[in-house]
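Here is the structure we will look at, set down as structure tokens.
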Amino acid sequence: MIELRADLIIKNIGNLVTMRGSNGPRVKEEMNNIEILKNAYVAVKDGKILDVGQGYIVDELIGENTQIHDAKGLTVTPGLVDPHTHLVHGGSRENEFALKISGVPYIEILKRGGGILSTVKSTKEASFDELYNKAKKSLDIMLEYGVTTLEAKSGYGLELDIEVKQLEVAKKLNETHPVDIVSTFLGAHAIPTEYKENPDEFVNLVIEMLPKVKDLAEFVDVFCEEGVFSVDQTRRILQRAKELGYKLKLHADEIVPIGGAELSAELKATSADHLMAASEEGMKLMAQNKVIANILPGTSFNLMKNYANARKMIELGVAVSLSTDYNPGSCPTENIQLIMQLGSLGLKMTPSEVLTAVTINAAYAIDKAHEIGSIEVGKKADLVVFDSPNIEYIMYHFGINHVHKVYKEGKLVVEDRRVVY
Ligand code: IZC
Ligand code: ZN
């Protein structure tokens, strides 16, 4: 007999945003037409969703040991997914803040040896434990804002040992912290000063690192940008990565439209990220090749730049996800809800589209949609209870934390906006 008794039932859910729908990343009107069940419940067993229903709770679900939590009419969504972070790093860059607001561009600060290269220095100097403790503090904040899975990149080593140190920190956090972490190798994040005159030599070095970090990373990413890595250099690195069995991501067309979106389509990358300057042709190719557009509006806001053309991408059939880009330079915030609000206020996405972009489409952006991103039977019971009567309220009342509770694989890990795991 199938054991139907639940370990936990969350009942009296005012609005249950399930994100159930077509099989695949959501595009066009699918992003807006999301399923929201009224007066709903979710049953959990062994950390997975056992049942989703409305109204009367099926008797068979309730056993002697079933815990019942009352959601008091609030809004419940799948655990949020943040598919682009630079979680593990040393130091901070507030010393560049005055330069930035005086108008010195992000790439110019990097050219002067600051920016990413400043964080490379701090990351090199930091011990494993220092990196771990700093990243853990950020992970707790992210969890308190509703994130239950995220992607974390290396990229502040630019030499094998330090890249490995960063990836090992992410691995240990994945093992010890409730938030699940998917790792990406971003060895090609900046050209070290000593390779300034012959960047292709550094590209060769990154290519040599690829097989050595295979056990520590699922994705490979490159900062493809004018003044950083060219389209040709990015192609060389990512083609080799693909041969080795990695999945691909690109920092593409963030500042100058050099053809990053087009390259992501050519390589059939899982996602292309940023895209503030992407061409319409690039977007069309992304749609055809099913590359997810992972947009990072917090970076536009913080760099005081334009927003990506999300409306055009949605119109053309590109699946859009949203992410914090949490990093010490262009977007020092862990607050995914602020990113969601910027998704509406900056990118003109509807609250439903935003929810799609931080749940199911974000899960596809890290190739984890088979286990997270929606509330359906068999998936992980990662759930957020928002202290809000509906999803519009989350986008409307901005800059605060709306989370009431977070469940990670059926376990209560945040209560009254504080971690309790
Ligand atoms: O540390 O500035 N854009 N890489 C590409 C970043 C931002 C992270 C940083
Ligand atoms: Zn980034």
Side-chain angles (χ1 to χ4, degrees), residues 82-97 99-100 104-124 126 131 134-135 138 150-158 162-163 166 170 182-192 206 217 219-230 233-234 248-256 258 260 264 269-278 292-305 308 321-334 336 339 362 365-366:
D82 190 345
H84 182 138
T85 83
H86 301 254
L87 173 71
V88 181
H89 60 263
S92 56
R93 310 218 291 260
E94 68 275 21
N95 60 326
E96 295 170 357
F97 191 72
L99 270 184
K100 180 182 80 171
V104 182
Y106 172 85
I107 291 287
E108 176 57 31
I109 296 175
L110 174 62
K111 278 187 187 150
R112 293 181 192 177
I116 296 169
L117 292 175
S118 148
T119 303
V120 167
K121 188 167 176 287
S122 315
T123 305
K124 193 170 184 164
L131 291 177
K134 180 171 160 60
S138 285
L150 58 77
E151 183 257 18
K153 302 173 194 298
S154 67
Y156 295 118
L158 314 180
I162 315 293
E163 291 287 322
Q166 270 190 281
V182 173
S183 275
T184 295
F185 174 65
L186 178 60
H189 191 194
I191 315 270
V206 171
F219 286 88
V220 171
D221 189 351
V222 175
F223 188 11
C224 180
E225 186 61 55
E226 192 171 272
V228 195
F229 294 92
S230 70
Q233 290 167 336
T234 305
L248 311 182
K249 290 181 169 289
L250 287 83
H251 282 66
D253 299 329
E254 177 180 350
I255 302 161
V256 183
I258 62 169
S264 75
T270 305
S271 75
D273 299 34
H274 285 296
L275 302 166
M276 280 130 79
I292 293 176
N294 188 28
I295 303 181
L296 318 167
T299 306
S300 299
F301 173 76
N302 186 60
L303 293 181
M304 300 173 288
K305 305 267 293 186
S321 60
L322 290 174
S323 186
T324 58
D325 191 19
Y326 169 63
N327 76 73
S330 63
C331 202
T333 184
E334 294 92 344
I336 188 105
I339 303 308
I366 51 172

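Just so we're clear, the structure is a prediction, and the values are computed from it rather than from any experiment. Both counts, for ligands and for their atoms, begin at 1 and track the order of listing.
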- Query: What atoms of ligand 1 come within less than 4.0 Å of a heavy atom belonging to R93?
  - Reply: 1 (O), 2 (O), 9 (C)

- Item | Where ligand 1 meets I116 - atom numbers and elements under 4.0 angstrom, heavy-atom basis | 1 (O), 2 (O), 4 (N), 9 (C)

- Item | At the Zn ion (ligand 2): angle between H86 atom NE2 and H251 atom NE2, to 10 degrees |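 Result: 110°, to 10°.
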
- Query: So which of the N, O or S atoms of D325 lies nearest the Zn ion (ligand 2)?
  - Reply: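 Restricting D325 to its N, O and S atoms, the minimum distance to the Zn ion (ligand 2) goes to OD1.
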
- Note on the structure: Quick look: H189 vs ligand 1, heavy-atom contacts under 4.0 Å, and the answer is side chain

- Could you find the nearest protein heavy atom to atom 3 (N) of ligand 1 and give me its residue, atom name and distance?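 Sorting protein heavy atoms by distance from atom 3 (N) of ligand 1 puts Y106 OH, 3.2 Å first.
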
- Of the protein's non-hydrogen atoms, which lies at the shortest distance from atom 1 (O) of ligand 1, and what is that distance? Y156 OH, 2.6 Å

- Message: Ignoring hydrogens, what is the shortest heavy-atom contact between E226 and I258? Give both atom names and the distance.
- Response: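 Closest heavy-atom pair between E226 and I258: N-CD1, 3.8 Å.
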
If you define the side chain from C-beta out and look only at heavy atoms, does anything of [X] sit under 4.5 Å from [Y]?
| X | Y | answer |
| --- | --- | --- |
| L158 | L117 | yes |
| L322 | I295 | yes |
| H86 | H189 | yes |
| H89 | Y326 | yes |

- Item | Residues Y106 and S330: side-chain donor-acceptor under 3.5 angstrom |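 No pair is found: no donor N or O on one side chain lies under 3.5 Å from an acceptor on the other.
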
- Message: If you count every heavy atom of other residues, nucleotides or ligands that lies below 6.0 Å from K100 atom NZ, does the total exceed 12?
- Response: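 It does: K100 NZ has more than 12 such atoms within range.
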
- Query: Has H84 got an N, O or S atom lying less than 2.8 Å from the Zn ion (ligand 2)?
  - Reply: yes

- Task: Return yes when at least one N/O/S atom of H274 is nearer than 2.8 Å to the Zn ion (ligand 2), and no when none is.
- Result: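 It does not: H274 brings no N, O or S atom closer than 2.8 Å to the Zn ion (ligand 2).
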
